[in-house]
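Have a look at the structure below, then the notes.
Atoms considered below: every heavy atom in the structure, side chains included; atoms not considered: hydrogens, waters and symmetry mates. Residue numbers start from 1 in every chain, and the chains themselves are labelled A, B, ... in the order their sequence lines are given, proteins ahead of strands.
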Amino acid sequence: MAGENERGRREKWQRLGVQWLKMYFQLNHFIYNVEDWPIIRDDQCPQQSNRVDCGMFVLKYGEHLINGTNMDFQQNDIPRFRGEYAVKVIRKAKESENRIKKIQEECETYKQQIDLGVARQVFDEIPNPDRPIFAWNVLMNEHAKAGDPDRCLSLFKDMLEHGIRGNPHTFSCVLKCLASSGSVSEGASLHGYLVKSGFVAYIAVGNALIAFYSKRRRIDSALCLFEGMLERDVVSWNSIMSGCISNNLAEKAIGLLVKMRLSGIDADAMTVMCVSPACARTGFLCFGRAVHGYSIKSRFVEEANVGNSLIDMYGKCGDSDSAGRVFQCMHRRTAVSWTSMISTYTRDGRFDEAVDLFKRMEEEGVQPDAFAVSSILRACTLGGLLEHGRDVHDRIIRIGLESDRFVANALIDMYAKCGSVTDARVVFDRIASTTNDVVTWNTMIGGYSKNSLPNEALSLFGEMMRLQVKPNCVTIACVLPACASLSSLERGREVHSHALRIGCYSDKYVMNALMDMYAKSGALHHACALFDRMEAKDLISWTVIIAGYSMHGHGGQALMTFRAMRANAIEPNAASFLAILRACSHSGLIKEGQKFFAAMLEECKIEPETDHYSCMVDLLSRAGRLTEAYRFIESMAVKPNSSVCTLLLRGCQAHQDVKLAEKVAERIFELEPENVEHYMLLANIYAEAERWNATKKFIERLNQRKGSSKGCSWIEIRGKAQVFIDGDDKAHPESKKIRSLLESLGLKMAEDGWLMKRRHGFVKEEQESCGHSERSAIALGILNSRQRATVRVAKNTRVCGECHKFAKFVSKSHQREIVLRDSERFHRFVDGRCCCRR
DNA sequence: ATAGGGTTAG
């Protein structure tokens, strides 16, 4: 008697528990798929009974909401609710929008009330011995699907503690969770257990193990397991192929597909989805076409996901037209289809088409998700489409996606790269408090660096450290340019030490940025040391080091390095040619410069840009070959800008060719009427030729336009940058000491015969326009450092002739090495001489 | 009744 009672109770619990769980999940499914009602017609998926059940449940629930009918769930309802009737009720429900709204509102409340916790409660109410394994599995699976692998795993542990051993379903699910959380060794020990208990013989378990090892980057173990399988089905092949692809063995994946066909296993739609990324990765377009053809023949293309992966494949193989054709022919397009197509156009530089596509997507009623908006934002970023970007931002706010971290990062990046750092910062501030995503910080810091706001970049980096957000290699690569543009050796060293701590020495972006920073901070030898140690030097590494030599006036070294680069079979690009041409112009290597300039177009098929022309003009002008330089400008394929002409004008000044100077100046004034430097330059030229009337005229024009002079110099004293504004020698707290030092230096210069010849009473004007802030910086450096220590100063404009002479003098009189970085290059003063030959 | 494989982004 008691046994029967016991059995009855068990059955009741089992029924009840199962029913509850079922109801929970189906309701859940319903809530999240209200939009999908018509899809749940069972005549569309006759072989999938669970979807039918679900559809049935939805119907009952819909009826209950609309008509208040009884919600009782009876087994024999199932057949009656299939097919036509289902369609009818759905139509009825769709007829009245108000009612639908009501349903949706109710769903909202249910969404809050019913969650996995409730399911767990129901589950807990079932006494342990009565819990069917099925209930465990379902609950574990739901946790896994909800993206909570840890809960799933802890349930698994509970299960083991209760003495329940699990079945193949259990292990597939657990392995899936272990792939995303937990350690390799846990998975491996489970593997051991599965071998001992014989569960590995189940194909699904073997397949789950393959997926586990692949995701845990143990592709060798996965392959070994795969090879040893007694029985393989199409899922096994698909799993191992996608494992290979995600572990950079795309070629092997293609080989495996061939093997699979040879062993007589038919590909399914998933195979197409697995193997298309392999074609994309290898650029194996014709194989991709074959796969496409196969999927047309087997009608897999009709599945939206297959189409999506084909779009992606064509896009990544560089055939965006074919991608467009696949997109055009699709029966049903999901948000993924639109997103893939948008990214394809973006990759191809067809930004406007990407934007149109996004608009069409919305017109056709496809709600964009986080992926879709991220990819359209990327199109705006690369295309510099700030206004479209703002429109998208509005949409994002309305959809409620702004807090998604991927979306927010893309927004920050878009604003920063389109030149609106303030907008970027607004988005950053909105999310920075809720997330400590490194990418967010990196994007913002990089945005500041790219918009020439190095101080902001550095202070944000400091803030990040203070909040103990862990930086990664990208962070380092984003801050270093800020240090470089400030010539801030100390900050650069600090960041370098972070890089060492994190372990970025194999990251080539970081290495290149470090070398660049050291070169631009005047410590070329550090840059060279890193360069020599670097194993995989790429084009950027070589270019950085060539530019470094060039900046420091080591023309010969630059030439040697350029040759070494080509000997290492690395083809120069426009930037490396610019570096080598600058090296030639800084070191006065005319013949070499002309040779490189010619080689650029003839050998390497690179069209010279304005900067390349500038180097040539500079080279010729400095050498006094002024007519040649003028003819060169005339022959330029691109429109010469004012800075090209200014270089020639400087040449005219140095070689006292007033006539040509007038001709050139005419052109410059047209191009840049606001820049006072040009007027001053011409006035100086007249003064030197003793043409006083003309001089006066230009000084007047100069004074009329004199407005914002923005020159400044800075120096680092004990880790802090001290800034001196041109023409303002009173602002600094130590200005008194500085002035008296400068005065005594001035006297000594005069005594030693170093003072400049007063050039026809005109030097004063030049003094005013320069502002000489670099002198104050040098003086402060001398006052605040130990004897014979190098003084490193940076200036954001070109150093004037007087200050240059001043620095030469100080380097001799105080026996100090002075490194002065101006807007053009580095000047290294040692014992009264400078490396720039000026 | 429950499972194993895929696509879109920084």
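Not a single ring-ring contact (aromatic ring centres under 6.0 Å, His included) links A:H388 to another residue, sequence neighbours left out.
Distance A:M270 CE to B:dT7 P: 9 Å, rounded to the nearest Å. The CG-P distance, from A:D312 to B:dG6, rounds to 14 Å in whole Å. The CE atom of A:M341 sits 14 Å away from the P atom of B:dT8 (whole-angstrom rounding). The separation between A:L377 atom CG and B:dA9 atom P is 13 Å, rounded to whole Å. Whole-Å rounding puts the A:F406 CZ to B:dT8 P distance at 13 Å. Rounded to an integer number of Å, the gap from OH of A:Y202 to C1' of B:dA3 is 13 Å. A straight line from CG of A:D404 to C1' of B:dT8 spans 13 Å, rounded to a whole angstrom. Going from atom CD1 of A:I265 over to atom C1' of B:dG5 covers 14 Å, rounded to whole Å.
Nucleic acid contact class of A:N305 (heavy atoms, under 4.0 Å, all strands): base. Contacts of A:I203 with the nucleic acid, taken as non-hydrogen atoms under 4.0 Å apart, include base atoms.
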Identify all side-chain donor-acceptor contacts of residues 251-261 of chain A below 3.5 Å with residues at least two apart in sequence or on another chain.
residue, atom, partner, partner atom, Å
A:R261, NH1, A:I265, O, 3.3
A:R261, NH1, A:D266, OD1, 3.3

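Within the structure, salt bridge (Lys or Arg N to Asp or Glu O under 4.0 Å) contacts touching residues 298-313 of chain A (residues at least two apart or in different chains) are A:R299-A:E302, A:D312-A:K316. Applying the salt bridge (Lys or Arg N to Asp or Glu O under 4.0 Å) rule to pairs touching residues 425-448 of chain A yields A:E402-A:R430, A:R405-A:D437, A:R425-A:D429, sequence neighbours excluded. Among residue pairs with one or both ends in residues 217-253 of chain A, those qualifying as ring pair (Phe, Tyr, Trp, His ring centres under 6.0 Å) are A:F226-A:W237; sequence neighbours excluded.
Closest to the side chain of A:S343, out of B:dA3, B:dG6, B:dT8, is B:dT8. Side-chain atoms of A:N308 lie closest to B:dT7 of the nucleotides B:dA3, B:dG5, B:dT7. Checked against B:dG5, B:dT7, B:dA3, the side chain of A:S309 finds its nearest nucleotide in B:dT7. Set against B:dT7, B:dA9, B:dG5, the side chain of A:C274 has B:dG5 as its closest nucleotide.
Across all non-hydrogen atoms, the minimal contact from A:S343 to A:S375 is OG-CB, 3.9 Å.
Side-chain to base pairing of A:N207 with B:dG5: no donor and acceptor N or O lie closer than 3.5 Å to each other. The base of B:dG5 sits with one of its N or O atoms less than 3.5 Å from a complementary donor or acceptor on the side chain of A:D268.
Checking the phosphate oxygens (OP1, OP2) of B:dG6, a side-chain nitrogen or oxygen of A:S242 falls inside 4.0 Å. Applying the 4.0 Å criterion to OP1 and OP2 of B:dG5, one finds that A:S236 has every side-chain N and O outside that range. Within the 4.0 Å cut-off from OP1 or OP2 of B:dA3, not a single side-chain nitrogen or oxygen of A:K176 is found. Look at A:K316 and you won't find any side-chain N or O under 4.0 angstrom from OP1 or OP2 of B:dT7.
Taking every heavy atom of residues 222-234 of chain A and every atom of DNA chain B, pairs under 4.0 Å involve A:D233, by number.
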Stepwise ring pair (Phe, Tyr, Trp, His ring centres under 6.0 Å) check, A:W338 with A:F358: CA-CA 8 Å; A:W338 291 92; A:F358 185 72; 9.4 Å; no

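Ring orientation note: the planes of A:W136 and A:H162 are tilted relative to one another, at an angle of 30° to 60°.
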